[in-house]
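The chains referred to below are lettered A, B, ... by the order of the sequence lines, with proteins before strands, and numbering in each begins at 1.
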2 protein chains.
Amino acid sequence: MTGPTGSEPRSPAVQVAWADAREALRERGLRWTPQRRLILEVLAETSGHITGAELVERCRARDGATIGSTVYRTLDVLEELGYVRHSHGSDGREEYHVLPLAEHAHVRCLGCGAAWDLSWEDARELAERLEARNGFKVALGHVMIGGYCPGCEPAAP
Amino acid sequence: MTGPTGSEPRSPAVQVAWADAREALRERGLRWTPQRRLILEVLAETSGHITGAELVERCRARDGATIGSTVYRTLDVLEELGYVRHSHGSDGREEYHVLPLAEHAHVRCLGCGAAWDLSWEDARELAERLEARNGFKVALGHVMIGGYCPGCEPAAP
DNA sequence: GTTGTTCTTGCGAGACATTGCAATAACAAG
DNA sequence: CTTGTTATTGCAATGTCTCGCAAGAACAAC
């Protein structure tokens, strides 16, 4: 694991990665709209994970006219472009992982809800094993490991 | 992996495991109702995985008066008793794993949607590693590994 | 600037799941 | 069998996310 993720502002070095989003869209014949600009802005200030509903709410805070379905559809587009990656939290809600510089697996505590990224070594080992034994190609962005961190205990059985 | 799971009828040997459900409920001061009886019946004929919505539908096929929320609440109770275990499929829908004789992790192909159980050795290795390195106790029932099986390829990037 | 193509948006409907609350029914006790 | 306790149910409202479709906007070409 590489440490818990939160929602602190991104470093300037990382922010630039969003700068070419408009370019990336245009290259694919997609369009740059005020709605997408707003969503990108909010995402650029987000680090770690964010749920779909949270993103809708933060966008709505800046522009009361924000429409939920537009946000979700934009998220789909951004995922295709590689800017976000989504999975599902333990409650089944969409959870978007922002700017996956390297795709990685998620580890989540079922007790306190904290989330980490699986360390690269652990991930690689898991992936190599499954591929070698079964020819199964692991998609690290789609791996969720639930459990309990030190301090959090499973509910009594 | 131990092979794909489906929805064939259970063997008689496994069916008996459901017989004491009524007993298990009563021991906890919970009640045996016609609704729960129906849900148990349907589950007893199910093997592998089933989504919440599917279960509701199958119950409704036998009793048109079946109420969704009752089914979901019963599922919660059964999960506490250990008769089912739930996780979330790649589309975020609830997915109940029936009668988890041994808790195990899920492997799912993002291409064809097929699901397997992670082999016990692979699972144990993953669990031991995370526990040793980070003190993180893996809950195998809450592990989802996405990827692509031989024959299914990731969508072009 | 005008025009045309087509990607996007807004909006409403719908699927799935959760929750609060009042009415009901299961169970134990007498 | 009757009664009292309280777990459960049914229902309605809410929340999250998806989808179809017509109107609107972005972009390129002229």
Which atom pairs link the protein and nucleotides 18-23 of chain C when you take only N or O atoms and keep those under 3.5 Å?
residue : atom : partner : partner atom : Å
C:dG20  : O6   : B:R73   : NH1          : 3.1

Return the value, rounded to whole Å, for the distance between atom [atom1] of [X] and atom [atom2] of [N].
X: A:R93; N: D:dG15; atom1: CZ; atom2: P; value: 10 Å
X: A:L40; N: C:dT8; atom1: CG; atom2: P; value: 13 Å
X: A:R36; N: C:dG10; atom1: CZ; atom2: C1'; value: 14 Å
X: A:D63; N: C:dT9; atom1: CG; atom2: C1'; value: 13 Å
X: A:I67; N: C:dA13; atom1: CD1; atom2: P; value: 15 Å
X: A:I50; N: D:dC17; atom1: CD1; atom2: C1'; value: 15 Å
X: A:R28; N: C:dT6; atom1: CZ; atom2: P; value: 19 Å
X: B:L75; N: D:dT8; atom1: CG; atom2: P; value: 14 Å

Could you check whether atom CD of B:E57 has more than 12 heavy atoms from other residues, nucleotides or ligands sitting under 6.0 Å from it? no

So do A:I145 and B:L126 actually touch side chain to side chain, heavy atoms under 4.5 Å? yes

So do the side chains of B:M144 and B:H88 get within less than 4.5 Å of each other, counting heavy atoms only? no

What is the minimum heavy-atom distance between A:T46 and A:V98, and which atoms define it? O-CG1, 3.8 Å

Plane angle bin for A:H49 and A:H106 - parallel if under 30°, tilted between 30 and 60°, otherwise perpendicular: perpendicular

Reported CD1-to-SG distance for the pair B:I39 and B:C59, which is rounded to 0.5 angstrom: 5.0 Å

OH of A:Y83 to OG1 of A:T74, rounded to nearest 0.5 Å, is 14.0 Å

Under the salt bridge (charged side-chain N to carboxylate O under 4.0 Å, His left out) test against B:E41, which residue among B:R22, B:R58, B:R62, B:R36 passes? B:R62

Which comes earlier along DNA chain C counting from the 5' end, the contact point of B:E95 or that of A:T70, where each point is its nearest nucleotide? A:T70

Are any side-chain N or O atoms of B:E79 and backbone N or O atoms of B:H86, one a donor and one an acceptor, separated by less than 3.5 Å? yes

At under 4.0 Å between heavy atoms, which parts of nucleotides 22-30 of chain D does protein reach? Answer with one letter per nucleotide, 5' to 3': B base, S sugar-phosphate only, - none. ---BBSS--

With a 4.0 Å limit, can you tell me whether A:Q35 has a side-chain N or O closer than that to the phosphate oxygens OP1/OP2 of C:dG10? yes

